[in-house]
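Below is one structure; the comments refer to it alone.
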Amino acid sequence: MDAPSPDAPALAGNAALAARDLKHVWHPCTQMHDHESIPLVPIVRGEGAWLFDADGRRYLDGVSSWWTNIFGHANPRLAAALTDQAQRLEHVIFAGFTHEPAIELAEELVRIAPPGLERVFYADIGSAAVEVALKMSFHYWLNKGHGQKTRFIALTGSYHGETLGALSVSDVALYRKTYAPLLLTPILAPSPDAYEGEAGETPSQVAARRLGELRVLLERHAHETCAVIVEPLVQCAGGMRMYHPNYLAGLRRLCNEFDVHFIADEIAVGFGRTGTLFACEQAAVAPDFMCLSKGLTGGTLPLAAVLTTEAVYAAFYAEYNAGKAFLHSHSYTGNPLVCRVALETLAIFRDEPVLERNRVLAEHLAKRLAPLRDHPHVADVRQTGMIAAVELVADKRTRKPWPATERRGMRVYLHGLQNEALLRPLGNVVYFMPPYVVTTQDIDHLVDVAIAGIERAVA
Ligand SMILES: *Cc1c(COP(=O)(O)O)cnc(C)c1O
């Protein structure tokens, strides 16, 4: 059977497509058995913030399709750039050869990035960017004669991807625990997460205290440490936990003082998500490595980039026989189609007042969520730009969470599906991370559905 064209009515409905899918496809982040009772939703078309299934029902994409989509589904500008590039050059080996989309994208990324990040290494997915940053940091120190530096410091509750290296520096038990025997052992520094602060402590006080603890770790481990890796401002997969920008400023100072790299994983928070183009801007710091992906192509195609400094680049630059070259390659590195779409994504940032518009949307979202603070099963409502999260608990006073086995968040998800909203809580955390093309009415819809879903979840 031919695939239905986007304009024609779908040939097969949800049930038929789901049945075919479940015969052969294995989905990520899914216990496939769940689909005996939870519907699998076949999407046939997207438009702006909305997704349309094979039965003609629609869903407002409250999670930007895993935090990637910033300018809406089937965005006409991105689609046009993609088809134009497809007719010129779809791919070429990126060793020994180059092409204008990759060159121009590197120029543009350097132009918009925090100062000092002047070298761009491409990869295909966020996890691969993290692998590149870890290897590059280690290899820098090796090339500089510090081969004893082999370890990394990561924050508790962090998430940097699920390939083995990226998973090694992640601390979300759900993803890490099973594979722990295969992983490197990072040095864990306590997260500056404001929710985990002590009673009465402000977010900046939590940040200051956590910097003190990080200093102690660096005093003990800096000699064997390549880098500290963090998700700037928001630890997303770890439950949308947020922290004060002072932590990043202090981290920059500590990394300078102790001679370790600062890796900023801006894969989820980059490209305007937190209110500034990059989250690091809010602390006026530049990391030694910045990992980008997700929003980089507007959510259209997989692409990642690692930006680093001239000093790092220079440590690899030598006669061939010195054996100092960086060793990392993927078949599709620097793919022209993907680079073209990324360039068009950055052009939208130049042509439209994206951050200003987001500010208005974020304020509206904050206003609509505020009443939830008084809810008897809500311990925290927090927001950083276009990320907002509601922490559900069994007991508001003690902040005792619901047991994960009760899958309260799943009830919110199911309620959303029945009510034209894609909300996909992380455990007990109901969050909002919509594409930037949502309207205030769309936000009203998402919040209304979420509130009703929360009532069902806590009942
Ligand atoms: C999603 C994510 C990654 C991994 O990116 P993938 O493209 O899913 O491999 C890494 N770091 C952070 C902070 C992320 O949110």
Side-chain angles (χ1 to χ4, degrees), residues 27-30 63-70 121-137 152-172 174-176 179 183-184 186 191-193 227-243 247-248 251 262-274 278-280 287 289-307 328 330 332-333 335 338 341-342 345 384-387 389 424-427 429 431-435:
H27 289 264
C29 205
T30 301
V63 299
S64 294
S65 282
W66 258 343
W67 321 341
T68 61
N69 192 295
I70 56 181
F121 192 97
Y122 292 116
D124 309 319
I125 56 167
S127 301
V130 172
E131 302 286 337
V132 166
L134 299 178
K135 284 174 69 178
M136 220 179 239
S137 174
F152 296 92
I153 296 179
L155 298 180
T156 55
S158 60
Y159 177 92
H160 298 288
E162 292 173 57
T163 54
L164 294 179
L167 190 58
S168 288
V169 290
S170 298
D171 183 49
V172 179
L174 173 66
Y175 307 112
R176 190 181 206 282
Y179 305 102
L183 305 177
L184 306 170
S191 168
D193 170 11
V228 181
I229 181 168
V230 302
E231 296 159 87
L233 298 187
V234 188
Q235 296 185 292
C236 294
M240 301 298 168
R241 295 298 181 83
M242 300 176 184
Y243 61 87
Y247 188 82
L248 297 174
L251 174 60
F262 169 4
I263 303 175
D265 175 353
E266 293 235 8
I267 290 166
V269 295
F271 300 104
R273 197 42 90 174
T274 66
F278 299 108
C280 280
F289 298 90
M290 185 164 78
C291 301
L292 302 173
S293 187
K294 292 202 166 110
L296 173 55
T297 62
T300 300
L301 288 165
L303 175 65
V306 178
L307 275 60
H328 193 96
H330 294 297
Y332 282 100
T333 301
N335 177 269
V338 192
V341 173
T345 302
T384 304
M386 288 288 274
I387 308 174
R424 198 172 190 278
L426 292 155
V429 177
Y431 73 88
F432 304 82
M433 202 155 163

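Bear in mind that the values here come from a model prediction, so they are computed numbers and not experimental data. By convention here, the first residue in the shown sequence is residue 1. Counting starts at 1 for both ligands and their atoms, in listed order.
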Using the ring centroid of each side chain, check whether F271 and F278 are separated by less than 6.0 Å. yes
Please give me the minimum heavy-atom distance between A279 and V269, naming the atom from each residue. CB-CG2, 3.8 Å
Ignoring hydrogens, what is the shortest heavy-atom contact between C29 and R424? Give both atom names and the distance. O-NH2, 3.7 Å
Would H160 and D265 count as having a side-chain donor-acceptor pair, cut-off 3.5 Å? yes
Heavy-atom closest contact (L292 atom, E266 atom, distance): CD2-CB, 3.9 Å
List, ordered by chain and residue number, the protein residues whose closest non-hydrogen atom lies under 4.0 Å from any atom of ligand 1. W67, I125, G126, S127, Y159, H160, G161, E231, D265, I267, A268, K294
Heavy atoms only: give me the nearest E131-H328 pair and the separation to one decimal. CB-CE1, 4.3 Å
